[in-house]
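In the text below, chain A, chain B and the rest are named by the order of the sequence lines, each starting its count at 1.
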Amino acid sequence: MNLLARIQRPLGFMALLWLGVGLWMVFNAPIDFQQGNSVRILYAHVTSAKMSLFSYILLTIASITYLVKKSETADIIAEAAAPVGAAFTAVTLASGSIWGKPMWGTWWAWDARLTSMLVLLIIFMGLMALRSSLEEPTKAARATAILAIIGAVDLPIIHYSVVWWRTLHQPPSFGGASGNPTITGDLLPPLLVMAIAFILMGAYLVVVKAREVAALRQLEALDIERMEEDD
Amino acid sequence: MLKAAYRIAWKDMVGDLRRRSSLSSMLFFAIAVLVVFQAAFEPDRQAAVKLLPGLVWATVLFTSLMGLGRVFQAEEENGAFEGLLLASVPRGIIFLGKWLGNLFLTLLVQAMILPLTMILFNVDAWHVIHHIFGVLVLGILGLTGLGVLLAAMTQAARSRETLLALLLLPLVAPLLIAGVQATAGVMVADGQPWPWIKLLLIFDMVYLALAPWGFSWLVEE
């Protein structure tokens, strides 16, 4: 926790710096031949999609570590990763919809990636709801850790079942398997800078949230101690 | 060892059959759901045939939620869960027993719901009803496997029934897709249910392997 306290501020400054440079590059990048200005949404969309998956991977690793080693730090990180991941997933879905309306002519399509992203968001919400509705801290930690692992197993199954469903029953709703043209040339550097900025921002958010969770737990422990003294 | 699982399952089955409350409430809830679907979609005969797989699976999912909400209720109310955990059998076996009990109850209710749906929606698929039921059984294996684990997770939670639905419904999305497609596949002569049945089997294997393991982590002291 001391380490987190020390890196929090430098991490925040770095994230801000990279984000500033990244945004500047995004708005100076040439507009796309087909997509026009709306291609700029993708710099935030693609990066937050990656971050939502990273958050879930972090959450899963922390959950497994907690179950195996019973380390409280792992549980705190798992608790902190859930809301951060949920936020990135929500940004991914929202930005994708805003981009999809002019590009595909629709806000939403039930394709594999959209469906699994939506389920990912519900799983993040479910993890938070489960933790907050279980009174006993160890029980809550254990239940959410197991749920996180179940979700990690489920997400690929969901993804492939929807791919299967769509390929067997109707052609993809939009051009090609992904609808994203390959990115080349001038569009790549801003994307890379934005990716680094988002990783730093995600790390910063997890650190802040983890410190908050740790502080809350300490407070609760102090409360219990004080009540015991009163008795 | 398996005898212990069988005993736990037997206790739950006998309890469910004697009390009849979960059985009849699940059944009448299913009928209520069917009435809602009928009122909402008003399908004619042709539309009803197309809708049937989805109708059956949605009804199965909603009614199974009711049964799952009660899996650990008796233990919870009387504080008997600790007693069950004190028994000198592996936790996986306890899970197996609770799962078998719920599987029996769910299958019993679905066996009644399926013909009922076909009667109420005027769908003439009686010649393939055993195939449809076979697909349902495959789906229910995995559904109850994951469901009983989630029920164990949420049993001590506030507003546990809502939480159970929130957790279960998105996780069983692949099961629902595969089940509906497989059911639609067996209903027509030239249908292709096999890829979907395979997906159902994968889902069953994954969750029936994962669930006892998750349960033993969950209740560990």
Side-chain angles (χ1 to χ4, degrees), chain A residues 63-70 86 89 110-112 114-170, chain B residues 81 142 145-147 149-182 184-185 191-196 198-207 209-221:
Chain A
S63 299
I64 294 173
T65 315
Y66 172 73
L67 283 180
V68 175
K69 294 215 172 130
K70 304 269 168 283
T89 316
W110 287 102
D111 96 314
L114 274 74
T115 311
S116 22
M117 266 294 164
L118 187 62
V119 173
L120 181 63
L121 180 61
I122 305 176
I123 292 177
F124 275 131
M125 296 322 246
L127 282 165
M128 288 191 274
L130 181 64
R131 193 185 282 274
S132 67
S133 63
L134 285 169
E135 308 250 327
E136 208 181 303
T138 49
K139 237 181 203 167
R142 233 182 267 155
T144 40
I146 294 166
L147 182 64
I149 295 168
I150 293 176
V153 175
D154 207 76
L155 282 167
I157 303 182
I158 292 175
H159 187 90
Y160 286 106
S161 61
V162 181
V163 168
W164 243 14
W165 180 29
R166 284 322 193 190
T167 45
L168 281 180
H169 275 262
Q170 62 185 66
Chain B
F81 197 61
L146 178 59
L149 174 62
L150 292 181
M153 257 179 209
T154 51
Q155 60 152 341
R158 272 171 268 129
S159 63
R160 71 195 147 102
E161 311 243 313
T162 323
L163 198 58
L164 182 63
L166 175 71
L167 300 182
L168 185 68
L169 293 180
L171 288 174
V172 296
L175 188 94
L176 193 63
I177 293 173
V180 170
Q181 300 299 332
Q192 288 180 323
W194 288 110
W196 301 111
K198 265 185 234 155
L199 185 58
L200 281 178
L201 284 173
I202 293 173
F203 195 94
D204 289 348
M205 281 190 291
V206 168
Y207 282 108
L210 208 61
W213 170 86
F215 183 79
S216 22
W217 276 110
L218 187 70
V219 296
E220 191 193 332
E221 288 312 310

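- When heavy atoms are compared at a cutoff of 4.5 Å, L218(B) approaches chain A by way of both its backbone and its side chain.
- For L150(B), the part sitting under 4.5 Å from any heavy atom of chain A is the side chain, from C-beta outward, and nothing else.
- Distance check: W217(B) CH2 to I149(A) CD1 gives 8.5 Å after rounding to the nearest 0.5 Å.
- For the atom pair CZ (R160(B)) and CG (L134(A)), the distance works out to 12.0 Å, reported to the nearest 0.5 Å.
- Between I146(A) and G214(B), the shortest heavy-atom contact is CD1-O, 3.2 Å.
- Interface remark: I122(A) contributes side-chain atoms only to the contact with chain B (heavy atom separation under 4.5 Å).
- Note that CG of L167(B) and CG of L127(A) are 8.0 Å apart. Values are rounded to the nearest 0.5 Å.
- A129(A) and L166(B) make their closest contact through CB-CD2, 4.1 Å (heavy atoms, listed as atom of the first residue, atom of the second, distance).
- Within the structure, side-chain hydrogen bond (donor to acceptor under 3.5 Å, both in side chains) pairs that include any residue of residues 123-135 of chain A comprise D75(A)-R131(A), R131(A)-T144(A), E135(A)-R158(B) (at least two apart or interchain).
- The local environment of NZ in K70(A) is crowded, with over 12 non-hydrogen atoms from other residues, nucleotides or ligands closer than 6.0 Å.
- Taking 4.5 Å as the limit, some side-chain heavy atom of I150(A) sits within range of a side-chain heavy atom of L149(B).
- For the ring-ring contact (aromatic ring centres under 6.0 Å, His included) condition, the pairs that include at least one residue of residues 121-146 of chain A, sequence neighbours left out, are Y56(A)-F124(A).
- Within residues 151-160 of chain A, the residues that have a heavy atom under 4.5 Å from a heavy atom of chain B are G151(A), V153(A), D154(A), I157(A), I158(A), listed by number.
- Interface remark: L146(B) contributes side-chain atoms only to the contact with chain A (heavy atom separation under 4.5 Å).
- Residue L130(A) holds its CG atom at 7.0 Å from CE of M153(B), rounded to the nearest 0.5 Å.
- With a threshold of 4.5 angstrom between heavy atoms, A156(B) approaches chain A through its backbone and through its side chain.
- A 6.0 Å sphere centred on CE of M128(A) holds more than 12 heavy atoms belonging to other residues, nucleotides or ligands.
- Of the two parts of I123(A), only the side chain, counted from C-beta on, holds a non-hydrogen atom closer than 4.5 Å to a non-hydrogen atom of chain B.
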For residues 170-177 of chain B, which side-chain donor-acceptor pairs fall under 3.5 Å, sequence neighbours excluded?
none

